[in-house]
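Throughout, protein chains are lettered first and strands after them, A, B, ... in sequence-line order, and every chain is numbered starting at 1.
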2 protein chains.
Amino acid sequence: MNIYDIAKLSGVSIATVSRVINNSPKVSEKTKKKVWDVMNEYDYTPNVFARGLGLNSVKTVGLVCPDVSDRYMASAIAYLEKNLRKYGYDSILMCSGFDYEGKVEAVKILLDRRIDAMILVGSHYAGDCGQNDIQYLKDAAQKVPVVLMNGYVRVPGVYCVLTDNYKAVYDTVCNLIEVGRKKIVFLYDANSYSTTKKLEGYQDALIDNGLKVQEEYKVFMPNNVLKARDLLAKKRLDFDAVIASDDAMAVGALKYVHQINKSIPEDVNVVGFNNSELCVCCNPEMSSIDSQEEELSEIAVDSLIKVLAGKSVRQKMEIPCKFIKRNTTQF
Amino acid sequence: MNIYDIAKLSGVSIATVSRVINNSPKVSEKTKKKVWDVMNEYDYTPNVFARGLGLNSVKTVGLVCPDVSDRYMASAIAYLEKNLRKYGYDSILMCSGFDYEGKVEAVKILLDRRIDAMILVGSHYAGDCGQNDIQYLKDAAQKVPVVLMNGYVRVPGVYCVLTDNYKAVYDTVCNLIEVGRKKIVFLYDANSYSTTKKLEGYQDALIDNGLKVQEEYKVFMPNNVLKARDLLAKKRLDFDAVIASDDAMAVGALKYVHQINKSIPEDVNVVGFNNSELCVCCNPEMSSIDSQEEELSEIAVDSLIKVLAGKSVRQKMEIPCKFIKRNTTQF
DNA sequence: CTGAAAGCGCTTACAG
DNA sequence: CTGAAAGCGCTTACAG
């Protein structure tokens with residue numbers, strides 16, 4: 001069953017059938033209905049490949065993230081897919097991994113697929129690879145609109161949607177200092193754009209409050225509860241507050257604090273990042289900074305749709321994080 | 001730059017170019033190389049839409065799950081995408097939601113896209129919708145191979161890959177009874193295929209050990225840590241062991257047990273399901289049943305590839321779960 | 001091993 | 001508002 005069959009059955013030309021498929025305004029309501037009825041009766045669906053050939057698009061966007069099994073990315077991907085579908089776009093998913101070759105390959109596959117646009121989730125795409133190479137991003141942006149979620153690069157054609165991680169950490173560290181904390185540890189697991197911003201927020205807050213930035217208080221580690229706990233145990237660091245670039249490390253720290261029989265929040269304050277389900281599993285429940293995936297996803301998709309419609313859109317859209325208070329902090 | 005350009009530049013016909021693109025054996029090595037060189041030099045990539053039109057496939061599979069932000073599904077999707085890519089298949093992701101209309105729509109969109117095959121993640125597709133309707137699945141299976149991950153339906157063309165949830169729960173409950181537990185609660189959040197099997201395992205183990213199945217010990221609740229905890233608190237159920245169909249509920253139960261000042265595992269045993277990161281966040285760390293997403297994903301993809309190659313494959317492939325012992329059980 | 005030609009099923013500028 | 005026709009860029013059966 002193809003467009004010729006439908007044309008014949010409804011007594012019009014294929015051009016007319018095509019027009020009603022595409023809801024062209026220049027078809028009379030009467031023949032529109034006639035053709036629709038036939039299409040419905042025979043359960044006709046236009047062949048995507050042929051449409052693609054003619055239109056040079058099948059309304060798909062490429063969604064790329066290092067790893068969907070990461071809680072933050074999964075949540076972002078879920079929202080993105082949902083929002084895109086509202087506009088009739090389907091999503092091709094690519095888990096690129098964290099290293100350069102994987103990213104380049106994922107982007108290439110998508111481009112070869114003639115996607116209409118691309119959304120990259122996670123600031124790892126903003127250049128964290130030593131060589132700091134984002135050439136593949138620049139090239140991609142020449143071909144299709146690219147939106148970067150949770151990262152920022154100043155490249156024409158890439159639209160960046162992110163939360164203000166710098167400020168979130170800065171404010172939190174100021175609050176920690178205000179309630180009397182002086183030995184504040186920062187836990188992080190990457191050198192991505194967003195993590196770097198968090199680190200800067202941490203350092204600046206210390207400095208602005210007259211505290212010294214101590215190298216041993218900046219602890220690089222895997223984002224894993226048990227490994228974080230054990231690494232801290234091994235280091236025997238003395239601290240009275242912890243802020244982490246992701247929840248798992250913070251929970252690990254919380255567990256370490258328990259091990260050494262200190263109380264939370266009396267002796268030590270703990271703050272996580274991303275406000276995941278992990279926060280309510282531990283005891284006490286953990287304060288965390290919410291990075292607003294839902295809002296970001298919505299902005300990402302809305303902006304993309306605008307760009308695809310030829311409208312202009314700002315290249316950097318930043319919204320604040322939200323501090324979620326639970327029981328590991330007094331503020 | 002299209003196939004005509006490449007043909008002209010390499011001094012052959014488009015038929016030959018097409019053959020080298022498709023790595024046809026009936027092209028001499030010499031002209032193959034000649035054409036390859038030209039394609040590489042001009043960075044030529046065949047147009048997918050045109051290929052799709054000709055071949056009636058662009059090597060994509062539809063991945064559908066109720067919600068990728070669920071930990072279990074995200075993990076499955078991640079493995080699936082990775083494994084599919086190895087075979088040159090791209091993945092279109094659809095989060096269908098949990099209700100019937102959403103599922104039907106997701107499947108329809110994919111079919112209209114002319115995907116080569118479909119993988120459904122989660123036993124919610126095995127008919128949990130009151131009306132128990134899996135007609136859309138049967139229809140889909142007429143058109144493309146369908147694999148169902150973590151569920152079972154006896155329908156031609158759908159291949160089911162799952163873990164033996166019945167046995168996992170049965171054995172665990174037997175173990176609980178063996179260490180002296182008598183008031184064992186079962187927490188669940190759905191009526192999907194897999195949850196039903198877990199429930200059956202629970203009941204049969206009780207019966208086989210001479211215990212009565214008490215209706216109030218089967219607690220239906222949302223799969224959410226805090227809600228589970230609070231619901232149990234409200235019910236004031238008296239129990240000495242808990243097994244849940246997913247980790248979050250089990251963690252909720254663990255927190256409730258703490259609230260009422262009982263000890264784990266001395267007074268109460270707790271066992272979760274899916275062995276997620278939540279298990280190591282709580283205190284003590286929680287025993288859980290691992291549902292082997294990685295292995296399942298691999299089997300799912302391998303089977304699919306076989307089916308697509310015209311080979312025959314069993315319709316039901318079941319592997320055992322794995323019990324992960326931590327500190328909330330004595331066995 | 002290679003090529004000329006038909007075919008895949010649409011879209012759309014052009015003419016009416 | 002509608003249709004005839006060209007075009008999109010491939011694949012492949014057929015002939016040589």
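- A donor-acceptor contact shorter than 3.5 Å is absent between the side chain of B:Asp5 and the backbone of B:Lys8.
- The distance between atom NZ of A:Lys8 and atom C1' of D:dG3, rounded to the nearest whole Å, is 15 Å.
- Note on A:Asn47: every side-chain N or O is 4.0 Å or more away from OP1 and OP2 of C:dG9.
- Closest contact between the side chain of B:Leu55 and the listed nucleotides C:dA13, D:dG9, D:dT11 involves D:dT11.
- For B:Ser13 and C:dA4, the shortest distance from a side-chain N or O to OP1 or OP2 is not below 4.0 Å.
- Within 4.0 Å (heavy atoms only), A:Ser28 reaches sugar-phosphate atoms of the nucleic acid but no base atom.
- Rounded to an integer number of Å, the gap from B:Leu53 CG to D:dC10 P is 12 Å.
- The side chain of A:Ala50 has C:dG9 as its nearest neighbour among C:dG3, D:dT12, C:dG9.
- Panel note: side chain B:Thr195, backbone B:Asn191; no donor-acceptor pair is recorded below 3.5 Å.
- The side chain of A:Thr31 places no N or O atom within less than 4.0 Å of a non-bridging phosphate oxygen (OP1 or OP2) of D:dC1.
- Taking atom CD1 on A:Ile14 and atom P on D:dA5, their separation rounds to 11 Å, with Å as the unit.
- Residue whose closest nucleotide on DNA chain D sits further toward the 5' end, between B:Ala15 and B:Phe49: B:Phe49.
- Under the Watson-Crick or G-U wobble criterion, with both distances below 3.5 Å, C:dA13 has no partner in any strand shown.
- Among the protein residues, B:Val12 comes within range of the sugar-phosphate backbone only, with heavy atoms under 4.0 Å from sugar or phosphate atoms but none that close to a base.
- Atom NZ of B:Lys26 and atom P of D:dA15 are 14 Å apart (whole Å).
- Across the protein-nucleic acid pair, B:Ile21 atom CD1 and D:dG9 atom P stand 13 Å apart, rounded to whole Å.
- Across C:dA6 and C:dT2, the matching P atoms stand 23 Å from one another, rounded to whole Å.
- Regarding contacts with the backbone of D:dG9, every side-chain N or O of B:Tyr44 stays at 4.0 angstrom or more from both OP1 and OP2.
- Dashed line: the shortest gap from a side-chain N or O of B:Arg51 to OP1 or OP2 of D:dT11 is under 4.0 Å.
- The two atoms that bring A:Pro156 and A:Ala141 nearest to each other are O-CB, 3.5 Å, heavy atoms only.
- A:Lys103 places a side-chain N or O within donor-acceptor distance of the main-chain N or O of A:His124, the cut-off being under 3.5 Å.
- Straight-line distance from the CG atom of A:Asn56 to the C1' atom of C:dG9: 16 Å, rounded to whole Å.
- Taking only side-chain atoms of A:Val27, from C-beta outward, the nucleotide of C:dC10, C:dG3, D:dT2 with the closest atom is D:dT2.
- Taking a pair to require two hydrogen-bonding distances under 3.5 Å in either a Watson-Crick or a G-U wobble arrangement, D:dA4 remains unpaired.
- A:Asn22 comes within 4.0 angstrom of sugar-phosphate atoms only, judged by non-hydrogen atoms across all strands, and of no base.
- In this structure, A:Asn22 contributes its side chain and A:Arg19 its backbone to no donor-acceptor pair below 3.5 Å.
- Distance from the side chain of A:Arg19 is smallest for D:dT2 among the nucleotides C:dT11, D:dT11, D:dT2.
- When the P atom is used for both C:dC10 and C:dC14, the distance is 24 Å, rounded to whole Å.
- Spacing between atom CG of A:Asn23 and atom C1' of C:dT12 amounts to 16 Å, rounded to whole angstrom units.
- Within 4.0 Å of A:Tyr4, counting heavy atoms only, lies at least one base atom of the nucleic acid.
- To the nearest whole angstrom, the two P atoms, one in D:dA5 and one in D:dC1, are 24 Å apart.
- For the pair A:Lys108 and A:Tyr136, the cation does not sit on the ring face, since its NZ or CZ is not both under 6.0 Å from the ring centre and inside 45° of the axis.
- Here A:Lys59 does not pair with A:Asp90 in a salt bridge; the nearest charged N to carboxylate O distance is not below 4.0 Å.
- Computed from coordinates, the B:Lys34 NZ to C:dG3 C1' distance equals 13 Å when rounded to whole Å.
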